[in-house]
Colleague: 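The following block contains the structure, expressed as structure tokens.
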Amino acid sequence: MNRRDFLRATAVGAGMGFVRQLSSVAAAQKNWDARIEVLLNEPLGVISPDIYGHFVENLSGVIYDGIWVGEDSRIPHVNGIRQELVTEMKKIRPPVVRFPGGCFADSYDWRDGVGPIDKRPRRTNFWFSGENPQAPPSHRYDPNRFGTNEFVEFCRLIGAEPYLAANLRSLPAEQFYRWVEYCNSPAGATTLADERAATGFKEPFNVRFWGVGNESWGCGGDFTAQEYAVEFRRFTTWVPDYRHELAFIASGPDGDNLEWTRGFFEEIARKGSRQVDRIYGWALHHYAWNLSRGKTKDWVAGKGDAIKFDPVDWYELLREGDRLESMITTHWRLMEAADPGHHVKLVVDEWGPWYRPGSELTAGDQLEQLPTLRDAVFSGMTLDIFNRHPEKVGMGCCAQLINCLNSLYLAHEDQFCVTPVGHVFAMYAAHQGGQSLRTNFSAPTISYERDGSSAWFWGLHGSASLQGKTVVLTAVNPDVAKALETQIILQGGAAKSARATVLTAPDMHARNTFAARQEVVPKSENVPAAEGNLRFQFPAASVTKIEIQL
Ligand code: AHR
């Protein structure tokens, strides 16, 4: 085995703590705590910008209050859409936004959300029963003010592509075709195109991404994998494409349930391999929620707190999130049986931590939680996972954009703030469309005590990409206490200059709120280059981007 094969076989995997420890001995001999080796001549594939995507569901304060403030609002807006959100989102180059759910999607009739805005019906929201009785009426009874037109307009304002999730549970396939027709049929060609034009949108929206059901093993219809595959085939047969390629995304498993994936693909392929080619993406959802330290698998009892946590909770959350990497690789391998050419990409269209209620900045907002520095580190780690698997991951959507789980923004009436997660997205945008590079990280494994038994987590990890003469290196140091003096080696090139942007804070609980918007903000500094390589100290509990000019 040569050096390159040795590195490939050892240092990349997150679960190989013993190798990291060996490497860290070598690093320590030269007074380094850690070492990063970027292999400029080992491209892994182009990082799809779509992995930096978002998810907005018609759920509590996400749409009404978060995005839609209304055309008559005193809050600055563009045609009813919150102006400050638009301004902030432009900074992160959002590629794609998924709407209207989530679970809500399989209860939604798209026809309710089109036509003259003041004539649209009010409907009971899917999330009604979990709403606080004090919540605004729009959270319980959907006023349908924000429908297809408004969503597409929001996407246009921020420069993103729309990704619509269709209702497979409670509407017939015909309505799916009609929604496609409403969005994509040429101006003047159909009655629905005329309806679109009558409300100000003459030209087709050309929506490419279409989800066909959501969590169809659960809220999306309680199907078996085989039943769902039959429905998926039916829904996606002969959908009019108006000469624009449609990308169908199928509902993947509950967590890492491989049986769902196996069952779906076996059933789909029973009608021939061309059926598989009709699928653009296989949706994986990964929420890190179980902070019970192995005590329970109960969805409610297992949750932790968003803002009250100790270092063990910090590492436990990251361990839960880190499982996404093996989910990606195991599902990818499994799909090979039905899809040997890997036509179908993984679409991780819901991801993030999910805590118990109690940290909402706006009292009563269902599923809202207050992101801290821990969630920023979690988010950097997740985006690095995507970057490391460019050939597998076609899209990612963080759940959810505003006033919800792993939100980039929080807003209520005229108050607004960018969370630490939002800053991570701004930092990582530089990877979009870059060529992912094989990169080896070596650092001492972090050991900690998990209720009487020993546990560990990796010491430093990240990803790198190349565009022209610029290398973008991102890394998280998950150690809550220890900074890492790190040697950064560029194999196959030399650094002329480099600049780091670091997101950290003295307190691991640090967060931004309406009253204190700048508690966690990125800071930039130059990184000295010596003989083409770099030295950098990654602070404890940090997310870092280093942009290196070759
Ligand atoms: O993001 C909240 C919910 O989580 C979504 O509606 C659903 O798809 C998932 O279970």
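Keep in mind the model is a prediction, meaning the values are calculated, not measured. One-based numbering, in listed order, for ligands and for the atoms of each.
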Colleague: Give a yes or no on whether a salt bridge exists between Arg120 and Glu150, defined as a side-chain N under 4.0 angstrom from a carboxylate O.
Modeller: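 Yes, this pair counts.
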Colleague: Does some side-chain heavy atom of Trp299 sit less than 4.5 Å from a side-chain heavy atom of Asn290?
Modeller: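 Not in contact.
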Colleague: Out of curiosity, is Trp127 lining ligand 1, as in a heavy atom under 4.0 Å away?
Modeller: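 Distance cut 4.0 Å: Trp127 passes for ligand 1.
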Colleague: What's the shortest distance from atom 6 (O) of ligand 1 to any protein heavy atom, and which residue and atom give it?
Modeller: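 Scanning the protein heavy atoms, the shortest distance from atom 6 (O) of ligand 1 goes to Glu57 OE1, 2.7 Å.
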Colleague: At a 4.0 Å threshold, what atoms of ligand 1 neighbour a non-hydrogen atom of Cys103?
Modeller: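 So the answer, numbered in order with elements, is 5 (C), 6 (O), 7 (C), 8 (O).
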Colleague: Got an N/O contact under 3.5 Å between Asn214 and ligand 1?
Modeller: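 Between Asn214 and ligand 1, an N or O pair is found under 3.5 Å apart.
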Colleague: Output a table of donor-acceptor pairs, distance under 3.5 Å, between side-chain atoms of residues 156-163 and any protein atom two or more places apart or on a different chain; print 'none' if there are none.
Modeller:
{"residue": "Tyr163", "atom": "OH", "partner": "Asp349", "partner atom": "OD2", "Å": "2.6"}

Colleague: Of the protein's non-hydrogen atoms, which lies at the shortest distance from atom 4 (O) of ligand 1, and what is that distance?
Modeller: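 Sorting protein heavy atoms by distance from atom 4 (O) of ligand 1 puts Glu350 OE1, 3.3 Å first.
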Colleague: Kindly give the heavy-atom pair with the smallest separation between Gly66 and Ile402, and that separation in Å.
Modeller: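 Here Gly66 and Ile402 meet closest at O-CD1, 3.5 Å.
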Colleague: Are Phe151 and Phe99 close enough that their ring centres sit under 6.0 Å apart?
Modeller: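 Yes, the ring of Phe151 comes within the 6.0 Å limit of the ring of Phe99, centre to centre.
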Colleague: Charged N to carboxylate O below 4.0 Å: is that the case for Glu174 and Arg178?
Modeller: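 Answer for the salt bridge query: yes.
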Colleague: Against heavy atoms of Gln400, which atoms of ligand 1 measure under 4.0 Å?
Modeller: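 Near Gln400, the atoms of ligand 1 are 1 (O), 2 (C).
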Colleague: For atom 1 (O) of ligand 1, what's the nearest protein heavy atom and its distance?
Modeller: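 Nearest neighbour among protein heavy atoms for atom 1 (O) of ligand 1, to 0.1 Å: Tyr287 OH, 2.8 Å.
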Colleague: Below 4.0 Å from any atom of ligand 1, is there a heavy atom belonging to Phe55?
Modeller: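 Phe55: in contact with ligand 1 (<4.0 Å).
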Colleague: Using a 4.0 Å heavy-atom threshold (strictly under), name the region of Trp354 that reaches ligand 1: side chain, backbone, both or neither.
Modeller: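 It is the side chain that gets close, since no backbone atom is under 4.0 Å.
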Colleague: Does Arg319 pair with Asp313 as a salt bridge, N-O distance under 4.0 Å?
Modeller: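 A salt bridge is absent here (no side-chain N lies under 4.0 Å from a carboxylate O).
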Colleague: Show the atoms of ligand 1 that are less than 4.0 angstrom away from any heavy atom in Glu215.
Modeller: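 Counting atoms of ligand 1 from 1, those under 4.0 Å from Glu215 are 7 (C), 8 (O), 9 (C), 10 (O).
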Colleague: With a 4.0 Å cut-off, would you call Arg450 and Glu316 a salt bridge?
Modeller: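 Result for this pair is yes, salt bridge flagged.
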Colleague: So for ligand 1, is Leu59 a polar contact partner (N or O within less than 3.5 Å, distance only)?
Modeller: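 No.
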